[in-house]
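To start, the structure under review is shown below, and the notes come after it.
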Amino acid sequence: MRGESGRDAERVVIDREGPLLMEGPVEIRLPDGTTAYSDRFMVAVCTCRRSRRYPWCDTSHRRRTRGED
């Protein structure tokens, strides 16, 4: 699918209870200026910041509910 810029649009899936799912490959610039790269066809990006592999989701969000932060 083409976006407004004329480039192919990437698909991002937002799950309220889990990670942000993105079609890969992806490159993520982190707040400290470093870059994380994955060439997988589907990437799970952590949104709860509990992952030991941040920015990639390791399903740590399943061990606690959001109200326990």
Side-chain angles (χ1 to χ4, degrees):
M1 180 163 100
R2 293 242 180 239
E4 292 179 12
S5 67
R7 295 179 25 201
D8 286 341
E10 299 300 327
R11 181 170 306 200
V12 175
V13 179
I14 299 172
D15 180 352
R16 289 176 51 165
E17 301 299 321
L20 186 69
L21 300 176
M22 303 176 71
E23 289 185 1
V26 299
E27 181 178 287
I28 298 176
R29 182 158 308 143
L30 300 170
D32 66 2
T34 60
T35 301
Y37 178 80
S38 176
D39 60 359
R40 297 184 64 161
F41 71 94
M42 181 65 71
V43 178
V45 179
C46 178
T47 58
C48 70
R49 299 187 71 84
R50 294 181 185 134
S51 175
R52 290 184 192 101
R53 298 183 60 229
Y54 187 82
W56 316 121
C57 178
D58 67 1
T59 69
S60 293
H61 61 274
R62 293 181 185 168
R63 290 190 275 283
R64 295 187 292 171
T65 60
R66 288 196 187 269
E68 295 180 31
D69 288 340

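Residues take their numbers from the sequence shown, with the count starting at 1.
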Does one hydrophobic cluster hold both Val43 and Leu30, with members joined at side-chain heavy-atom distances below 4.5 Å?
yes

So, taking the atom named CG in Asp39 and the one named CD in Glu27, what distance separates them when rounded to the nearest 0.5 Å?
12.0 Å

Are Val13 and Phe41 connected into the same hydrophobic cluster when the rule is that any two of I, L, V, M, F, W, Y join if their side-chain heavy atoms are below 4.5 Å apart?
yes

Taking Ser51 for its side chain and Trp56 for its backbone only, find out whether a donor-acceptor pair lies under 3.5 Å.
yes

Smallest separation among heavy atoms of Arg53 and Asp58, with atom names:
N-OD2, 4.0 Å

Could you give me the CA-CA distance, side-chain angles and deciding distance for Leu21 and Val12, then say whether side-chain contact (heavy atoms from CB on, under 4.5 Å) is met?
CA-CA 6 Å; Leu21 300 176; Val12 175; over 6 Å; no

Test Met22 against Met42 for side-chain contact (heavy atoms from CB on, under 4.5 Å), laying out the working first.
CA-CA 6 Å; Met22 303 176 71; Met42 181 65 71; 5.7 Å; no

In terms of hydrophobic clustering (I, L, V, M, F, W, Y; side-chain heavy atoms under 4.5 Å; direct or indirect links), are Val45 and Ile14 co-clustered?
yes

Can you tell me how far the OG atom of Ser60 sits from the CZ atom of Arg49, to the nearest 0.5 Å?
13.0 Å

Minimal non-hydrogen separation, Gly18 against Thr47, with atom names:
O-OG1, 3.1 Å

